[in-house]
Structure formats: structure tokens, C-alpha cells
Undergrad: 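I am attaching a structure below and will ask some questions about it afterwards.
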Amino acid sequence: MVTPAQCFKKWGDPNTRSDEGKYMVMWDVPAELEIGVIPKRIYCNRAMIVPLTKAFTNLIERGFVHELKTWDGCFNIRAMRGINSQSLHSWGIAIDLNAAWNGLGKTPTLSAGFVKCITDAGFEWGGNWSRKDGMHFQLMFI
Ligand SMILES: [Zn+2]
């Protein structure tokens, strides 16, 4: 599991945003992946481009893209209460999907096949955590 401390070491302190320009990119999603609610452009860490391409491709090829109802964001600097509680959204390496139906602490509604499309692409799923965060996927390795 990627920790906030690892991200801090690799990319710096997101709260100052001083290094953001070095690792954050406005990714122009390839046209063939712009299906359903998959965004046309995503502001994300450049480390996300390959895994996200794979995740979207899996959703399309395996027939789960229709289960993606809402794209609920990637980059979002969350309030810091000690470095170990900093969300990985702060470095642009996490995404939230179908948030309205997969709230924090609630039983996730995503299908196993849908989840596997994304975890097979190199993401860890928050729905497996003890405090379930079913909308949340973050990079497994950095
Ligand atoms: Zn999240």
C-alpha cells in the first residue's frame, strides 16, 4: 500500500503546491476511451496515465463501462492532520467513482467485475479497507 509518507518523499508537500507543476499534468484522454462518463481531460499525476488507460480499456473491453455512472474526481488537496492522514488525492494518484452509491463507511455497490477492471490495472480498492471507501481507487505502486 502506498503511504502518504512515500508520496511526500517522492513529490513533496502538496499543501505548499510548490512542486505540483513537476508531476501533475492535464491528461488529454484518448478519444477511443471517451465513452460514457469517462472524462475528456483529467488533471492527474503523470504516474496515473498508464494505469488509468489500462483501467478504462478494461472497463470498455470487458463490458463494464456502463456501470461507471459518475466520475467524482482525482486531484484534491485534503486538509492535513499529520502527514499520515493526507489523502493520496493530494498528489493526484487516487480517483473516486460512483460516489453517491459508495459512500465512506457504507457497503460498496460496485460489481466485482467492475472493481477487477480497475485493480487489474494497478489500483488498490478502498472497498477492501476495514473502513470501507467503496468509491476510492488509488495506485498500488509508485
Ligand atoms: Zn477517494
Side-chain angles (χ1 to χ4, degrees), residues 1-30 33-142:
M1 182 173 176
V2 175
T3 64
Q6 282 175 278
C7 295
F8 194 95
K9 193 172 173 193
K10 192 174 177 89
W11 294 306
D13 183 352
N15 297 282
T16 68
R17 305 187 70 160
S18 58
D19 292 326
E20 186 184 317
K22 296 176 189 164
Y23 59 85
M24 292 297 294
V25 292
M26 184 61 79
W27 178 39
D28 189 2
V29 177
L33 300 179
E34 293 172 13
I35 296 176
V37 303
I38 294 175
K40 292 181 167 37
R41 297 194 309 163
I42 299 173
Y43 189 58
C44 62
N45 192 304
R46 70 175 76 247
M48 290 283 269
I49 295 175
V50 170
L52 267 185
T53 299
K54 183 74 179 145
F56 292 153
T57 302
N58 287 345
L59 288 174
I60 294 164
E61 288 183 356
R62 299 180 193 177
F64 289 96
V65 73
H66 67 282
E67 285 190 32
L68 178 58
K69 295 191 179 85
T70 59
W71 172 266
D72 299 294
C74 174
F75 180 69
N76 182 3
I77 296 176
R78 304 269 164 88
M80 186 162 164
R81 292 163 303 159
I83 189 62
N84 283 317
S85 61
Q86 187 93 34
S87 163
L88 299 199
H89 285 285
S90 303
W91 290 278
I93 61 163
I95 55 172
D96 291 331
L97 306 175
N98 293 6
W101 305 272
N102 295 278
L104 186 63
K106 307 252 174 70
T107 302
T109 63
L110 299 174
S111 75
F114 181 98
V115 169
K116 196 166 189 307
C117 287
I118 301 171
T119 56
D120 281 354
F123 290 86
E124 173 180 348
W125 183 41
N128 289 328
W129 297 347
S130 52
R131 188 187 184 206
K132 293 190 190 310
D133 191 358
M135 72 182 80
H136 181 93
F137 295 86
Q138 63 184 45
L139 282 189
M140 193 107 62
F141 307 103
I142 60 170

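Counting starts at 1 for both ligands and their atoms, in listed order. Scope of the values below: all heavy atoms of this structure, side chains included, with no hydrogens, waters or symmetry mates.
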Undergrad: Looking at Q138 and M1, what are the two nearest heavy atoms and their distance?
TA: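 Shortest heavy-atom contact: NE2-CE, 4.0 Å.
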Undergrad: Could you enumerate the protein N, O or S atoms under 2.8 Å from the Zn ion (ligand 1), written like residue then atom name?
TA: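 Within the sphere that stays under 2.8 Å of the Zn ion (ligand 1), the protein atoms of type N, O or S are H89 NE2, D96 OD1, H136 ND1.
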Undergrad: Hey, are E124 and W129 close enough side-chain-wise for a donor-acceptor pair under 3.5 Å?
TA: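 Note: W129 and E124 side chains meet the donor-acceptor criterion.
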Undergrad: With a sphere of 6.0 Å drawn around NZ of K40, does it hold more than 12 non-hydrogen atoms of other residues, nucleotides or ligands?
TA: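 It does not: K40 NZ has 12 such atoms or fewer within range.
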Undergrad: Just by distance, with hydrogens left out, do E67 and N98 show a side-chain donor and acceptor under 3.5 Å apart?
TA: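 Looking only at side-chain atoms, N98 and E67 do not form any donor-acceptor pair under 3.5 Å.
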Undergrad: Taking the six-membered ring for Trp, are the ring centroids of F114 and F64 within less than 6.0 Å of each other?
TA: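 That pair fails the under 6.0 Å test.
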Undergrad: Could you give me the CA-CA distance, side-chain angles and deciding distance for V29 and R41, then say whether side-chain contact (heavy atoms from CB on, under 4.5 Å) is met?
TA: CA-CA 5 Å; V29 177; R41 297 194 309 163; 5.8 Å; no
